Amino acid sequence: MAEKFVATDLATLKDNYDLIVIGSGGAGLTAAIQAHELGLHPVILEKMPKIGGNTTRASSGMNAAETDVQLNHHIVDSFEDFYADTFKGGGQQNNQELLKYFTEHSALAIDWLADHHIILDDLTITGGMSTMRTHRPSSMAPIGGFLVSELLKQVAAEQIPLYTDVKVNDLVLNDAHQISGVNVTTPNGDRTLTAKAVVLATGGFGANQALLTKYRADLKGYNTTNQPGATGDGIELAQAIGAKLVDMDQVQVHPTVQQDTDHSYLIGEAVRGEGAILVNQQGARFVNELDTRKNVTAAIDGLGGTGAWLIFDRGIRDRVKAVEFYDSIGLVKTADTVAALAETTKLDAATLTATVTNWNQAVASHQDADFNRTTGMDRDIQHGPFYSIHIAPAVHYTMGGVAINHLTQVLTDQDQVINGLFAAGEVVGGLHGNNRIGGNSIAETVIFGRQAGQQVFKYLQQ
C-alpha cells in the first residue's frame with residue numbers, strides 16, 4: 001500500500017511551481033506524472049497525513065473498451081457499447097461531451113499505465129456493464145491500493161515533490177481573472193504559492209455531512225464508505241472564484257457495505273461480478289445483483305432495514321482477493337455446507353439451500369428466470385467452504401461537482417473557461433449522470449488525470 005512512500009520534507013516547499021496539483025489520489029498523481037513527463041515542474045499538495053484519497057478504497061477495477069487485454073481474453077468490445085452502457089446506467093443524464101472523451105480514451109489509459117509498468121491484464125465485470133471490461137491486475141488485488149502504490153513509484157522515481165498535511169484555503173486569481181497561485185496552511189504556518197495553473201483533484205464530498213444534507217436531506221445520518229478527507233474542498237475552492245457546479249444532488253449510495261463494525265467497509269462489486277448472490281433475511285434472492293447500484297440499493301432499502309447477505313463459495317472467493325482482507329477483519333462468516341452457513345448467518349436453512357440450488361441451475365443453463373441476470377454467471381456456488389457477508393447501503397460517491405469541458409478546463413456559470421484552472425476525478429460533475437457504474441471512477445481518474453496534465457502543458461505554452 002501507499003504507506004511505504006515517504007512524503008517530501010516540508011522544509012523543501014518552494015514558493016513557485018509550474019503547476020500545483022491539489023490531491024494525491026489517482027487523478028492527482030496521474031496529472032502530475034503526465035505534466036512532469038512533458039517537462040513541467042509540478043507539485044502535489046495533500047491535506048491529509050495519508051496519501052491516496054478515496055482511490056485507495058476502490059476495489060473492483062478500471063473500465064476500458066477496445067483494449068488488447070480484452071482481445072487476449074477473446075472479448076470483442078466497442079467504444080459505442082461502453083458509451084451506451086454508461087449512458088443508460090447514468091439515466092441518460094451524463095454530460096455527453098465528457099462521456100465521449102472518456103470512452104474513446106479508455107484503452108489509451110490502459111496502454112499508458114502499461115507503459116509505466118502498471119499492468120491490468122485480468123478482467124471482471126460490474127453492475128450495468130454488458131461485457132467484461134473491468135481491468136485489474138492479474139494478482140486480482142484491489143485496484144485502488146495497487147494503482148496508488150504503483151503511481152507513487154513513478155512519483156518517487158521522477159522526484160516529483162508530494163507534500164502531506166498541506167491544506168489549500170484559496171485559489172488566487174490575478175487581475176486578468178487567471179489562476180496565479182494558492183494560499184495554503186502547513187504545519188509550519190500559512191503561505192502563498194504561485195503557479196500559472198492548478199489541477200483540482202480533491203475528490204468528492206461523501207464524508208461531508210453538512211454538504212451532503214444541503215443537497216440531499218434524505219441522506220442525513222447515512223454511513224459513508226469515504227475516507228475522512230472527502231469533504232468537497234475543491235468544489236468549494238472552485239465555487240469561491242466563480243466556477244459552475246453541476247449535479248450536486250446526484251449522490252450514489254453503494255448497495256454492499258459492511259456496517260456492523262466501527263468502520264464501514266465497502267464490499268466491492270467484483271464479489272457479485274464473479275458470481276455471488278444477494279439474499280434477504282429469509283435466505284431468498286430479491287434482485288438482479290448486477291443491476292445498477294441505484295436499483296440494487298433501492299431493492300435492499302425495500303427490505304425494511306435488515307440489510308442483505310452476500311452468499312458465495314471458495315471458487316468465487318479465489319477470484320476476489322479483497323475477500324482475504326474482509327475475512328481478516330472479521331466480516332466474513334464461513335461454513336462447510338450451505339445449510340450450516342444459513343445457521344451461522346441466522347437465515348432459513350431450507351430457503352437458502354433451495355436458493356443456492358436454483359441459482360446453480362440458472363448458471364448451468366445461463367438462464368436466470370427469477371431476475372433476468374445475464375452477467376457474472378461464470379461460476380456457480382457449490383465448492384465449499386461457503387461464505388456470507390452482511391451488507392447494507394451507504395453513501396459512496398458524489399456524481400456532482402465542478403463543471404469542466406473535455407479539456408478538463410473548469411467553467412463558470414456562463415460556461416466561460418477559468419484560465420489556468422483544471423479539474424479531474426470525483427471533484428468533477430457530469431460524467432456519470434445519476435448513477436456511476438462500478439469501475440468507471442478509476443478509469444475517470446487516469447483518463448482525465450492524463451488529459452489535465454497534457455492540457456496544462458499546452459496552456460503554459462501560450
Side-chain angles (χ1 to χ4, degrees), residues 25-31 33-34 55 58-90 94-138 143-144 146-148 150-151 201 269-270 273 292 375 397 399 404-408 422-426 428-433 435-455:
L29 297 175
T30 301
I33 293 165
Q34 181 70 86
T55 303
S59 58
S60 294
M62 173 175 164
N63 289 339
E66 297 195 25
T67 67
D68 289 342
V69 174
Q70 286 178 307
L71 292 178
N72 290 340
H73 285 76
H74 294 184
I75 290 166
V76 177
D77 197 5
S78 71
F79 298 149
E80 292 84 356
D81 287 350
F82 187 14
Y83 183 109
D85 285 351
T86 305
F87 195 47
K88 181 184 175 189
N94 318 61
N95 176 316
Q96 293 183 62
E97 177 192 350
L98 298 185
L99 182 55
K100 183 173 189 292
Y101 186 88
F102 171 76
T103 50
E104 292 179 359
H105 290 76
S106 58
L108 287 170
I110 296 289
D111 292 345
W112 184 84
L113 290 175
D115 287 344
H116 292 76
H117 313 294
I118 304 172
I119 310 298
L120 305 180
D121 53 358
D122 190 69
L123 289 175
T124 187
I125 194 166
T126 59
M129 286 286 147
S130 58
T131 193
M132 292 174 75
R133 59 171 72 100
T134 309
H135 295 63
R136 59 184 184 172
S138 53
I143 185 72
F146 174 81
L147 183 64
V148 168
E150 292 299 314
L151 289 172
E269 208 152 311
T292 61
T375 56
Y397 193 91
M399 276 82 69
I404 63 167
N405 57 24
H406 75 280
L407 302 174
T408 69
F422 302 79
E426 193 178 349
V428 170
L431 173 65
H432 303 292
N435 173 71
R436 180 179 64 79
I437 299 281
N440 276 357
S441 62
I442 289 292
E444 176 184 20
T445 65
V446 181
I447 294 163
F448 286 105
R450 287 190 69 215
Q451 175 72 315
Q454 292 171 33
Q455 294 305 322

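What you see is a predicted model; the values in this text were computed from it and never measured.
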Would you say the side chain of Phe102 lies within less than 4.5 Å of the side chain of Leu431, judging by non-hydrogen atoms?
yes
Nearest heavy-atom contact between Thr86 and Ile437 is CA-CG1, 4.4 Å
Examine distances only and state if a side-chain atom of Asp121 and a backbone atom of Ser138 form a donor-acceptor pair shorter than 3.5 Å.
yes
Please report the closest heavy-atom contact between Ile143 and Pro137, naming both atoms and the distance.
CD1-CD, 4.1 Å
d(Asn95 CG, His406 NE2) to nearest 0.5 Å is 11.0 Å
Value for OG1 (Thr408) from CZ (Arg450), rounded to nearest 0.5 Å, stands at 12.5 Å
In this structure, CG of Leu147 is separated from OG1 of Thr30 (nearest 0.5 Å) by 6.0 Å
Under the criterion side chain to side chain contact (heavy atoms under 4.5 Å, CB included), I'd like the reasoning laid out for Val76 against Leu71: C-alpha separation, chi angles, the key distance, then a yes or no.
CA-CA 6 Å; Val76 177; Leu71 292 178; 4.3 Å; yes
Taking atom NE2 of His74 and atom CE of Met132, what is their separation to the nearest 0.5 Å?
13.0 Å
Is the closest side-chain heavy-atom distance between Leu120 and Val69 below 4.5 Å?
no
Would you call the rings of His105 and Tyr101 parallel, tilted or perpendicular, taking 30° and 60° as the class edges?
parallel
Single hit among Thr126, Thr124, Thr134 for side chain to side chain contact (heavy atoms under 4.5 Å, CB included) with Glu269:
Thr126
Can you tell me which residue among Asn440, Thr445, Ile110 is in a side chain to side chain contact (heavy atoms under 4.5 Å, CB included) with Met62?
Ile110
Does the Asn435 side chain pair with the main chain of Gly90, one donor and one acceptor, at a distance under 3.5 Å?
no
Under 4.0 Å between a Lys/Arg side-chain N and an Asp/Glu carboxylate O for Arg133 and Asp81?
no
Do Ser130 and Thr375 make a side-chain contact, defined as non-hydrogen atoms from C-beta onward lying under 4.5 Å apart?
no
With rounding to the nearest 0.5 Å, note down the distance linking CG in Leu108 to CD1 in Ile447.
9.0 Å
Ser106 OG to Phe82 CZ distance, which is reported to the nearest 0.5 Å:
5.0 Å
Do the side chains of Thr55 and Ile442 get nearer than 4.5 Å, heavy atoms only?
yes
Gln96 vs Tyr83, test: side-chain hydrogen bond (donor to acceptor under 3.5 Å, both in side chains). Steps then yes/no.
CA-CA 9 Å; Gln96 293 183 62; Tyr83 183 109; 2.9 Å; yes
Would you say Leu113 and His135 make side-chain contact, with heavy atoms under 4.5 Å?
no
Check whether Gln34 reaches the backbone of Gln451 with its side chain - one donor and one acceptor, N or O, closer than 3.5 Å.
no
Just wondering, do Thr131 and Ile75 contact through their side chains at under 4.5 Å, heavy atoms?
yes
